[in-house]
Amino acid sequence: MQPWIELDTATVPGDGQKLRLIRRGDEFSIMTGPTALMNSRVFGSEETLARLARERLEGRKSPKILIGGLGMGFTLRAALAEFGGDAAITVSELVPAVVSWARGPLAGLFAGSLDDPRVTIHEGDVAQMIAAGGWDAILLDVDNGPEGLTRDENDSLYGYEGLAAARSALRPGGLFAVWSSHRSPDFTRRLKGSGFKVEEVAARARGKRGARHVIWIGTR
């Protein structure tokens, strides 16, 4: 078996956490410590995140979509495939190096999606973009889930204050969708307590196979 090779490292602004981009053959992974945040062969549930949003916004004209977390671009590519030419998709990525990786060693995965005229990349905290408001959908994939935090600052997105900000930032009937590697009854209760109509959808990591992930859809 081929060994993993470290291609680059990056420091997360604010908390100093270290990210590592590694490669083995044609497989890539982004790690923090021993934790794999994402892998180039595991993306089914991220695609489901975008599909669920499009299905529930069917017929809405010129939707404005905010994606929290660029990662390896799976949610972005799926959103571009799901939404029409009138959509405007903003991706907020906190770590500048992740954007550089998307245009460098990971360019093959992104397949030109960063250059799509519907796409705007914001290098900064997604909370800043949420506060801008006027979104039809906010799709969050910025951690391993609301209870599996690798970055303490992300807790503000998933607590009552952050959920209230997200709900206020949505247009009527808009969606707040959150990806997670595991279930969280506490987060479900917080969503409901924040005034969202809540769906909890199971999604597999690789089509009909792989780990079982969770997507929450909160409708304003």
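Residues meeting the side-chain contact (heavy atoms from CB on, under 4.5 Å) test with E55, sequence neighbours left out: R51, L52. Considering only residues two or more places apart in sequence or on other chains, E199 meets the salt bridge (charged side-chain N to carboxylate O under 4.0 Å, His left out) condition with R56. With sequence neighbours excluded, the residues satisfying ring-ring contact (aromatic ring centres under 6.0 Å, His included) with F196 are F176. Residues meeting the side-chain hydrogen bond (donor to acceptor under 3.5 Å, both in side chains) test with Q128, sequence neighbours left out: H122. Residues satisfying the salt bridge (charged side-chain N to carboxylate O under 4.0 Å, His left out) criterion with E200, sequence neighbours excluded, are R183.
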What's the verdict on salt bridge (charged side-chain N to carboxylate O under 4.0 Å, His left out) for R23 and D8, showing C-alpha distance, side-chain angles and the deciding distance?
CA-CA 10 Å; R23 177 177 184 172; D8 198 9; over 6 Å; no

Take F187 and L163 through the side chain to side chain contact (heavy atoms under 4.5 Å, CB included) test and state the conclusion after the steps.
CA-CA 10 Å; F187 184 61; L163 295 177; 4.0 Å; yes

Pairs under 3.5 angstrom only: tabulate donor-acceptor contacts from the side chains of residues 91-100 to other protein residues two or more places apart or in another chain.
from: S92; atom 1: OG; to: G124; atom 2: O; distance (Å): 3.0
from: S92; atom 1: OG; to: V126; atom 2: N; distance (Å): 3.3
from: E93; atom 1: OE1; to: L70; atom 2: N; distance (Å): 2.9
from: E93; atom 1: OE2; to: V95; atom 2: N; distance (Å): 3.0

Name each donor-acceptor pair under 3.5 Å that joins a side chain in residues 129-140 to protein atoms two or more places apart or in another chain, with its distance.
from: W135; atom 1: NE1; to: M129; atom 2: O; distance (Å): 2.9
from: D136; atom 1: OD1; to: R60; atom 2: NH1; distance (Å): 2.7
from: D136; atom 1: OD2; to: K64; atom 2: N; distance (Å): 2.8
from: D136; atom 1: OD2; to: R171; atom 2: NH1; distance (Å): 2.9

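Going from atom CH2 of W179 over to atom OG1 of T75 covers 9.0 Å, rounded to the nearest 0.5 Å. Going from atom CG of L7 over to atom CG of L21 covers 4.5 Å, rounded to the nearest 0.5 Å. One distance of note links OG of S194 with CZ of R220; it measures 13.0 Å at 0.5 Å rounding. Expressed to the nearest 0.5 Å, how far OG1 of T11 lies from CD of Q17 amounts to 10.0 Å. Taken from OG in S45 to CZ in R212, the straight-line distance is 12.5 Å, to the nearest 0.5 Å. The structure places NE2 of H182 at 10.5 Å from NE2 of H213, a figure rounded to the nearest 0.5 Å.
Listed by first and then second residue, the salt bridge (charged side-chain N to carboxylate O under 4.0 Å, His left out) pairs involving residues 105-120 are R103-D115, D116-R118 (not counting sequence neighbours). The salt bridge (charged side-chain N to carboxylate O under 4.0 Å, His left out) analysis of residues 74-92, with sequence neighbours excluded, yields the pairs R54-E82. Residue pairs that meet the ring-ring contact (aromatic ring centres under 6.0 Å, His included) test with at least one member in residues 66-89, sequence neighbours left out, are F43-F74. Applying the ring-ring contact (aromatic ring centres under 6.0 Å, His included) definition to pairs two or more places apart or across chains, none involves residues 15-37.
Residue I22 belongs to a hydrophobic cluster whose other members are W4, M31, with links defined by side-chain heavy atoms closer than 4.5 Å.
In plain terms, the two heavy atoms of A50 and A79 that are nearest each other are CB-N, 3.6 Å. The shortest non-hydrogen separation linking I215 to L49 is CD1-N, 3.5 Å. Contact detail for L76 and S113: the closest heavy-atom pair is CD2-OG, 3.8 Å. Contact between M72 and M38 at its shortest, heavy atoms only, is N-SD, 3.5 Å.
By the 4.5 Å heavy-atom criterion applied to side chains, W216 and P146 are counted as neighbours. At least one side-chain heavy atom of L19 sits less than 4.5 Å from a side-chain heavy atom of V12.
In terms of modelled atom types and a separation under 3.5 Å, the side chain of R190 and the main chain of Y158 share a donor-acceptor contact. Of the possible polar contacts, none joining the T219 side chain to the V198 backbone as a donor-acceptor pair under 3.5 Å is found.
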